[in-house]
Number of protein chains: 2
Amino acid sequence: MAARSKSVRSGNGPANSRGKPTLRTIADITGLAVTTVSRALANAPQISIDTRNRVRQVALDIGYSPDRAAQRLKTGRTNVIAVLLEPHEEILGYGTSVMAGIAKALQGTSYHLIVMPNFLNAANIDAINYIIRNSMADGLIFSRTEPLDPRVMLLSENGFPFVTHGRTELATAHAFVDYDNFTFAYEATRRLIAKGRRKLALISGPAGYTFAGHIQHGFMTAVREAGCAYEILSDIDLDSPAGAIRDRIRRRYAEKDPPDGFACGGEVCALATITGMTDCGLTLGLEYDIVAKQTSQLLGAIQPRVDTIYEDLTATGEHMGRILLRRIAGSTDINELQLLLSPELPFETQAAGAAS
Amino acid sequence: MAARSKSVRSGNGPANSRGKPTLRTIADITGLAVTTVSRALANAPQISIDTRNRVRQVALDIGYSPDRAAQRLKTGRTNVIAVLLEPHEEILGYGTSVMAGIAKALQGTSYHLIVMPNFLNAANIDAINYIIRNSMADGLIFSRTEPLDPRVMLLSENGFPFVTHGRTELATAHAFVDYDNFTFAYEATRRLIAKGRRKLALISGPAGYTFAGHIQHGFMTAVREAGCAYEILSDIDLDSPAGAIRDRIRRRYAEKDPPDGFACGGEVCALATITGMTDCGLTLGLEYDIVAKQTSQLLGAIQPRVDTIYEDLTATGEHMGRILLRRIAGSTDINELQLLLSPELPFETQAAGAAS
DNA sequence: TCGTATGATGAAAACGTTTTAAATGGACGA
DNA sequence: TCGTCCATTTAAAACGTTTTCATCATACGA
């Protein structure tokens, strides 16, 4: 019935130049117009239920899937979420953990996750410019913010949806997920004090990043409250190679008044600290203690058990994904776009909440 | 001069509905036709040098960049390379190392790297089907092949360009980069024997993967040559959590004739082995030795220095990238599509070569 | 002077969608 | 009987490229 008026296609098969079925193929088979098919698949209310079902069935039968390039060209939306991965994230699969979380958040949506590895050119403001200009994605996720992060400024100015892992101190609010590194460091330091340690040392993040400041602040608050001696280990940080940290620990121990308690912002650096101390003939839990941030199962191999405080990077990724989707959908409600994860609370019971 | 005949655009600015300059914008400014502009930017020889330069200059001035969606729709090419990342690769940034290499290979080309994280659904043949059907990419890279890998079969059947990290035993040749795990294991075992160890144990990859078989084969060859006692530690493998390996080592030590030399396929598992042995009061280099495969700087933190054999994952990624580009360009010459990396040779001097 | 080769440019169609605006055909109230 | 409204469906344009096929000077050999 209802034969097409003009330019009837040869057969009913996937009569496409590239071999893949298109809307046109379905239109030919059903005798409907391309418009109707498009609408039916989009579940438009103006198309009768019967037609919608019929079209859906045919689409299923012939294995139709929409051409993303065409959709993208027409709508201007990419259906892509980009993650900016940086060199530092090589260590211990930070990237993969976070990405697993993001992927989880994107599951069931039409969004794809693409990773823009920034391994090559350190100037990552360029990468962001590139993404905006080439409209490579509908939204962006990246990490390790600075207090006055230029990337955040650029994206904000352009109204490009994004979520950061980490806070800034910029006036214009933006979407973020952050771990409460102040509380982490405060708690870690308190634990060291509770273990009877009296000369505490901190290995924090690289200077310049917001989270490094938070860690330092938490550490300082705790040592000052307790009135105990402290130091922040210079020349090294979280990202330093294990060997460098190990050497630094050894050198420090050769000087006077070496620390007997270490707050470590990461696992590798805890590991390196232990190694350095072992070099000096000292035993963890006996002559000194460590409290470290844990993001993987690495320290599970270490003995004796290192005292850790957990940061769930996969959950972080999942939150960032969800928040970004909200932002892309148009939300500007800061309360549902910002999330500060506490070290204590497990993922499930975590509630959204604003932060400074 | 040369005013456009019909439908002259309002101004000379980015008179686009979406605000971004297009070929049309350049055409209006230069007074040329869209066709000519397209050709000029593609550096077509039929366009005069003068025009080419003029067009390029204008494009630069107004910040033109081609719309990938439109190019993609028209040409059918996506300019995208996809990497299938799997859960196991979380450990120690395998994924990120490899991706850094791939990104390096893609640098300067028009290709983008996108990562399809397969964290969620273990059935990753689906992911591949999805990529093929939705033509998400022009080429694919993935790892951990099985001898009769169904993914390889599917891709081969569809003529979809891909490179695997790892070999298969399929009849139809395909592009791959692989590390010579036989030689790695053989060499590692020989080193243990040279250190005077006489009861050797192997921690290999998960059963079913091609590389696990290669490791086992290398190990067996070496122990048989030397005629020394050996065992393959059951119940655990490379991917086992550190705690599980540690426990397994402890249990094994409680039994009779414990091994005094360990060949470990990975760093975390070496670390866990050391921990387990330390639990039993044994010292590395004294009562036992380890030779492990090294893919990161993790073991640099460990003391005493663990004997390792290096696998350069970034180089692997770079090779895979280059080979995939060749394959996409149409090469079917197996000699330039297959590469077996030897443990010994540094990256620079590595030459392409066929493999079994 | 004419036809033709040559070198440069252009018009129009196509890729597969979505969207705007219009058409169709009853049903219904007057 | 006629106009109006509603529910469906459709035609056509558009998104920004690339590509096929034409056009148009100009120069050139005869």
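Note on naming: letters A, B, ... go to the chains in the order of the sequence lines (proteins, then strands), and numbering restarts at 1 for each one.
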Roughly, in whole Å, what's the span from [atom1] in [X] to [atom2] in [N]?
X: B/D28; N: C/dG10; atom1: CG; atom2: C1'; value: 14 Å
X: B/L41; N: C/dT9; atom1: CG; atom2: P; value: 13 Å
X: B/R68; N: D/dC15; atom1: CZ; atom2: C1'; value: 17 Å
X: B/I26; N: C/dG10; atom1: CD1; atom2: P; value: 14 Å
X: A/K20; N: C/dC15; atom1: NZ; atom2: C1'; value: 12 Å
X: B/L23; N: C/dC15; atom1: CG; atom2: P; value: 19 Å
X: A/R39; N: D/dA7; atom1: CZ; atom2: P; value: 15 Å
X: A/D67; N: D/dG16; atom1: CG; atom2: C1'; value: 14 Å

message = Measuring from atom CG of B/N129 to atom CD1 of B/I125, what distance do you get when rounded to the nearest 0.5 angstrom?
response =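 Spacing of CG (B/N129) from CD1 (B/I125) equals 6.5 Å.
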When you measure from the side-chain N and O atoms of [X] to the phosphate of [N], is any distance below 4.0 Å, counting only OP1 and OP2?
X: A/S48; N: D/dT9; result: yes
X: A/T36; N: D/dT10; result: yes
X: B/S38; N: D/dT18; result: yes

Sole residue of A/I131, A/L140, A/I81, A/I323 in side chain to side chain contact (heavy atoms under 4.5 Å, CB included) with A/F162 =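 The side chain to side chain contact (heavy atoms under 4.5 Å, CB included) with A/F162 is passed solely by A/L140 among A/I131, A/L140, A/I81, A/I323.
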Does a donor on one side chain sit under 3.5 Å from an acceptor on the other, for [X] and [Y]?
X: B/T51; Y: B/S48; answer: yes
X: A/T168; Y: A/E146; answer: no
X: B/Q57; Y: B/D61; answer: yes
X: A/R52; Y: A/N43; answer: yes

message = Salt bridge or not between A/D50 and A/R54? Use side-chain N to carboxylate O under 4.0 Å.
response =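 The answer is no: the pair does not qualify as a salt bridge.
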query = Does the side chain of B/T164 come within less than 4.5 Å of B/S143's, by heavy atoms?
reply =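 Side-chain contact under 4.5 Å: no.
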request  = Select one nucleotide: of C/dT18, C/dT9, D/dC15, the one nearest the side-chain heavy atoms of A/T75.
outcome  =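 Side chain of A/T75 sits closest to C/dT18.
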request  = Check every atom of D/dT9, D/dG16, C/dT18 against the side chain of A/I47 and return the nucleotide holding the closest atom.
outcome  =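 For the A/I47 side chain, the nearest candidate turns out to be D/dT9.
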inquiry  = Can you tell me whether the side chain of A/R24 and the base of C/dT18 have a donor-acceptor pair closer than 3.5 Å?
reply    =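 When only heavy-atom distances are counted, A/R24 does not reach the base of C/dT18 through any donor-acceptor pair under 3.5 Å.
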query = Per the atom types in the model, does the base of D/dT17 pair as donor or acceptor with the side chain of B/R77 at under 3.5 Å?
reply =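 Counting by modelled atom types and ignoring angles, no donor-acceptor contact under 3.5 Å is found here.
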message = I want to confirm an ordering. Mapping B/T35 and A/Y64 to their closest nucleotides on DNA chain C, which one lands closer to the 5' end?
response =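 In this pair, the answer is B/T35.
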request  = Describe the nucleic acid contact of A/Q71 in one word from base, sugar-phosphate, nothing, applying a heavy-atom distance below 4.0 Å.
outcome  =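 Sugar-phosphate, no base atom in range.
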inquiry  = If you assign each of B/Q46 and B/S65 to its closest nucleotide in DNA chain D, which residue comes earlier from the 5' end?
reply    =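 Looking at DNA chain D, the more 5' nearest nucleotide goes with B/S65.
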request  = Kindly calculate the angle separating the two end axes of the helix from C/dT1-D/dA30 to C/dA30-D/dT1, each obtained from five base pairs, and round it to 10 degrees.
outcome  =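 Rounded to the nearest 10 degrees, the bend comes out at 70°.
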